[in-house]
Amino acid sequence: MKNQEIAAQFEEIADALELKGEMQFKVLAYRRAARSLEELTDDVAELAKSGKLREIPGIGEGTAKKIVEYLDTGKMKKLAEALEGLSEELLDLLKIPGLGPKTLALAHNELGVNTLADLKRVLGDGTLAQLPGMGEKKVDNLRKGVEVREHASARLRLDQALEVAEKVVAHMKLIPEVKEITPAGSLRRSKETIGDIDILVTGNGDTPRRDVPLRIIAHFTKYPETETVLSAGDTKASIRVKTATHAVQVDLRVLPQDTYGAALQYFTGSKEHNVKLRTLAREKGLKISEYGVFKGKKRIAGRTEKDVYATMKMPVPPPEIREDRGEIEAALRGKLPKLVELSDIKGDLHVHTSRSDGSFTLEQMVEAAKAKGYAYVAITDHSPAAAYAGGLSIDRLKKSMEDIDRLNEEMSRTDYHRDAAKPRGTRRKKKSVDGHFTIHNSPFTILTGAEVDILPDGKPDYPDRILEQLDVVVCSIHQGFRKNVTGRICDALANPNVDIIGHPSGRLLSRRAGYDVDLDKVLECARKYGKVLELNSYPDRLDLNDLYLRKAKEMGIRIAVNTDAHGIRDFDWMKYGVATARRGWLEKPDVVNCLSLNALLRLLRKN
DNA sequence: GCCGTTTTCGGCCCGACTGTTTTCAGTCG
């Protein structure tokens, strides 16, 4: 798919035009077109073929033509034209915090700055400081910006950001002036990665009012892990905080109690959601800011988020879906989804033990799953091809299945000892002679399973006679990331003994983009064979991602939200999976491990 | 450049912070 490529071209046009002082709205239009393409899960080439480009929001006559031009010729004249006299390296300088298009254009035009080296030179020799509107402090800030940029690395993963936020919150709670404190921003929206952390605070009224925000800000800037204080005003401050891997920006905003809802709404974002909401308000003759909803000078709402959205005659969209992906329209029509919740999850269908590469025994993992309040867990150790992970030979797998059966029986005995009125549960079998199967009556059931490699030839790494004895078969790609991945996954989906495709894209947020796979084709195959796709909750995966989850839902494909736990604490990752599921608009019926054990097994049998 | 239950032209979210300014521009989120 060329979607990302074309989006990048539009971004570049926007940067170049901005540098050349082109009208802001034109620049914005290119950026919006780029964002739309980035989020598009349909192939833009297909849409071009069927003449549907203009149906993409933000794509109009001009950008549609440029897309077609690029698809036909591999080039975009407008980009070459916009880049005239500029270089990619120059545009890259825009990523330096504090260095915007105006200042960069000034440095470029007046001092011939084209590269990072040029910029450092004019920052160092005082020539930039002498230009109109510039001064020593600005130059100082830019020097800092260059340093930050040079040491900047990837965004934080959701789990890492959460840890930083929790520590900062704990620090802030040390002083009595802090009354309420909430992380907002992309963290509250549970984005898979977090650029910076936003924290909202209300001041306690017990102390003299005017001092409170100042003291809170002062305490914030003294957070022990602070690397730099970027800014500190009367109501808001920004610091950079050291983490194990790199520094992250943390913004703090202090607000009065009666504007808390408006501020929470504003600070949660996303920016696109807020712009849409504020535009809507403007059409109604209202104005929304972080201080409230205003009719003329009069504030008509602001205390709670509910009040703010109510002025637009809509319920509160869950934070996870505030991305301007249709949630405002849905809310206005009263059609907001009832998103899946952590408490809806009844089991985990992808779990490893020390038999393969897990760190805990079968018994320990089972206890941990029970402690989560689940009704079932599927034990899915690796298959032999995953030698590096101690994949199980057929004999070892059979031994594991026997152990699971025995453990199930033991659990049912203990459970019925407590409740003698219930009949003794019969042993669960995959398939009985007459095609029916009987269900274990224990309140907790261990399902037999495996995470089976999809081999280079597309076959699962266990023979069908083995697979058909397992309750849950998760098939995953662990090798041959570039070798016909789409075809191999679709072959696996066609196999009636395969239930779930594990981490379908194979991406690792901190390390790699993913397999060379056409997810649209995978979704199509999953739909065709009625199979389940995994949302892997491992914080570095979160795979499928929010966009493809939504697409899967729309196609009627069901999702298993699994942790891929290799240790007992990994079961906690379920919260990241559920958060991502929510971002994908998934509801309880979309998630197979919200089903009761009986219903789940019925569903898997249909495969 | 995009877009339209008041518009095919005339709009396009809103405010804080900083620094260099005598009232505002640039940047950011």
Side-chain angles (χ1 to χ4, degrees), chain A residues 10 13-14 17-19 21-36 53-67 78 82 94-107 128-142 144-145 148 184-187 189 194-200 213 217 229-238 249-255 259 262-263 265-294 312 324 328-329 332:
Chain A
F10 283 157
I13 291 177
L17 292 183
E18 192 165 41
L19 206 50
E22 179 58 272
M23 231 191 2
Q24 217 18 254
F25 300 117
K26 210 180 261 197
V27 173
L28 208 70
Y30 278 108
R31 293 207 195 283
R32 270 180 54 212
R35 177 177 177 262
S36 264
L53 286 178
R54 299 284 299 273
E55 289 174 19
I56 306 170
I59 302 293
E61 195 185 339
T63 42
K65 265 192 195 155
K66 290 176 183 81
I67 292 171
K78 177 74 184 181
L94 284 172
K95 291 178 185 147
I96 294 170
L99 183 60
K102 299 285 199 257
T103 312
L104 184 56
L106 187 72
L128 187 64
Q130 284 161 18
L131 293 181
M134 301 302 293
E136 268 313 313
K137 288 206 168 176
K138 269 199 171 174
V139 167
D140 264 355
N141 263 341
L142 286 176
K144 263 192 223 167
V148 164
S186 49
L187 194 57
R189 303 200 310 281
I194 309 292
D196 47 36
I197 295 169
D198 304 302
I199 296 177
L200 290 188
I217 299 275
V229 176
L230 297 169
S231 71
D234 290 346
T235 62
K236 134 180 179 180
S238 299
Q249 183 170 334
V250 182
D251 298 331
L252 184 96
R253 180 100 174 208
V254 187
L255 333 134
T259 64
Q265 192 287 317
Y266 158 75
F267 233 163
T268 298
S270 66
K271 183 182 169 194
E272 288 79 9
H273 174 91
N274 286 350
V275 168
K276 172 72 71 72
L277 193 70
R278 288 173 176 199
T279 307
L280 208 67
R282 173 182 273 267
E283 283 165 12
K284 288 176 180 257
L286 300 175
K287 187 184 73 172
I288 298 183
S289 77
E290 55 264 54
Y291 297 108
V293 184
F294 295 86
M312 297 289 108
D324 188 22
I328 289 177
E329 293 82 352
L332 286 169

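Chain A is the first sequence line, chain B the second, and so forth, proteins listed ahead of strands; every chain is numbered from 1. For clarity, every value in this text was computed on a predicted model and none was experimentally measured. The figures that follow rest on heavy atoms only: side chains count, while hydrogens, waters and symmetry mates do not.
Heavy atoms of A/Lys287 sit under 4.0 angstrom from primed sugar atoms or phosphate atoms, though from no base atom. Looking at heavy-atom distances under 4.0 Å, A/Glu290 makes contact with sugar-phosphate atoms alone, never a base. Contact annotation for A/Gln24: no contact, since no heavy-atom pair falls under 4.0 Å across all strands. As judged by a 4.0 angstrom heavy-atom cut-off over every strand, A/Leu28 is placed among residues making no nucleic acid contact. Nucleic acid contact for A/Lys65: none, since no nucleic acid atom lies under 4.0 Å from a heavy atom of the residue. Among the protein residues, A/Lys138 comes within range of the sugar-phosphate backbone only, with heavy atoms under 4.0 Å from sugar or phosphate atoms but none that close to a base. Backbone-only contact: A/Ile288 has heavy atoms under 4.0 Å from sugar-phosphate atoms and none from a base. Base contact: A/Met23 has a heavy atom under 4.0 Å from a base atom. Residue-level contact check: A/Leu142 touches neither bases nor backbone, having no heavy atom under 4.0 Å from any strand. Residue contacts for A/Lys137: at a heavy-atom cut-off of 4.0 Å it reaches the sugar-phosphate backbone alone, with no base atom in range. Looking at heavy-atom distances under 4.0 Å, A/Pro97 makes contact with sugar-phosphate atoms alone, never a base. Within 4.0 Å of A/Glu136, counting heavy atoms only, lie sugar-phosphate atoms of the nucleic acid but no base atom. Contact annotation for A/Ala33: no contact, since no heavy-atom pair falls under 4.0 Å across all strands. At a threshold of 4.0 angstrom between heavy atoms, the contacts of A/Ser238 with the nucleic acid are absent.
The side chain of A/Thr103 lies closest to B/dT27, out of B/dT27, B/dG29, B/dA16. For A/Gln249, whose side chain is taken as the heavy atoms from C-beta onward, the closest listed nucleotide among B/dG29, B/dA16, B/dG1 is B/dG29. Side-chain proximity of A/Tyr266 to B/dG29, B/dC2, B/dC17: nearest is B/dG29. Listed nucleotides: B/dC13, B/dC3, B/dT27. Nearest to the side chain of A/Arg32: B/dC3.
Rounded to the nearest Å, the gap between the C1' atom of B/dA25 and that of B/dT20 is 9 Å. Atom C1' of B/dT7 sits at a distance of 13 Å from the matching atom of B/dC12, rounded to the whole Å. Rounded to whole Å, the P atom of B/dC3 lies 14 Å from the corresponding atom of B/dC13. Across the C1' atoms, B/dT8 and B/dC2 are found 12 Å apart, a figure rounded to whole Å. Rounded to whole Å, the separation between the C1' atoms of B/dG26 and B/dT21 comes to 12 Å. As rounded to the nearest Å, B/dA16 and B/dT22 have P atoms that lie 23 Å from one another.
In this structure, the CG atom of A/Asp324 is 12 Å from the P atom of B/dC13, given to the nearest Å. For the pair A/Leu286 CG and B/dC14 C1', the computed distance is 15 Å after rounding to whole Å. For the pair A/Ile67 CD1 and B/dG1 P, the interatomic distance rounds to 13 Å; values are reported in whole Å. In this structure, CZ of A/Arg54 is placed 11 Å from P of B/dG4, rounded to the nearest angstrom. Distance A/Leu99 CG to B/dG26 P: 13 Å, rounded to the nearest Å. Computed from coordinates, the A/Ile328 CD1 to B/dC13 P distance equals 13 Å when rounded to whole Å. A straight line from CZ of A/Arg31 to P of B/dC13 spans 15 Å, rounded to a whole angstrom. We find that CZ of A/Phe267 is positioned 13 Å from C1' of B/dC14, with the value rounded to whole Å.
Using a 4.5 Å heavy-atom cutoff, the side chains of A/Leu200 and A/Leu255 are in contact. By the 4.5 Å heavy-atom criterion applied to side chains, A/Phe10 and A/Ile67 are counted as neighbours. The side-chain heavy atoms of A/Thr103 and A/Met134, taken from C-beta on, include a pair separated by under 4.5 Å.
In terms of phosphate contacts, A/Asn141 brings no side-chain nitrogen or oxygen within less than 4.0 Å of OP1 or OP2 of B/dT18. Within the 4.0 Å cut-off from OP1 or OP2 of B/dA16, at least one side-chain nitrogen or oxygen of A/Tyr291 is found. Using a 4.0 Å cut-off, no side-chain N or O of A/Thr279 falls inside it from OP1 or OP2 of B/dG11. Phosphate contact (OP1/OP2 of B/dC12, side-chain N/O of A/Arg282, threshold under 4.0 Å): present. Checking the phosphate oxygens (OP1, OP2) of B/dG29, no side-chain nitrogen or oxygen of A/Lys236 falls inside 4.0 Å.
Between A/Glu18 and A/Arg31 a salt bridge is recorded (basic side-chain N to carboxylate O distance below 4.0 Å). A salt bridge does not link A/Arg54 with A/Glu61: none of the charged nitrogens is closer than 4.0 Å to a carboxylate oxygen. A salt bridge does not link A/Glu272 with A/Arg189: every distance from a Lys NZ or Arg NE/NH1/NH2 to an Asp or Glu carboxylate oxygen is 4.0 Å or more.
The distance from the CZ atom of A/Arg253 to the CD1 atom of A/Ile217 is 9.5 Å, given to the nearest 0.5 Å. To the nearest 0.5 Å, the span separating CG on A/Leu230 from CG on A/Asp251 amounts to 8.0 Å.
If you check B/dT8 for Watson-Crick or wobble pairing at under 3.5 angstrom, you find it has no partner at all.
Where A/Lys271 and A/Lys78 meet DNA chain B, the nucleotide closest to each residue was compared, and A/Lys78 sits on the side nearer the 5' end. Along DNA chain B, the nucleotide closest to A/Ser289 and the one closest to A/Glu61 are compared, and the more 5′ of them pairs with A/Glu61.
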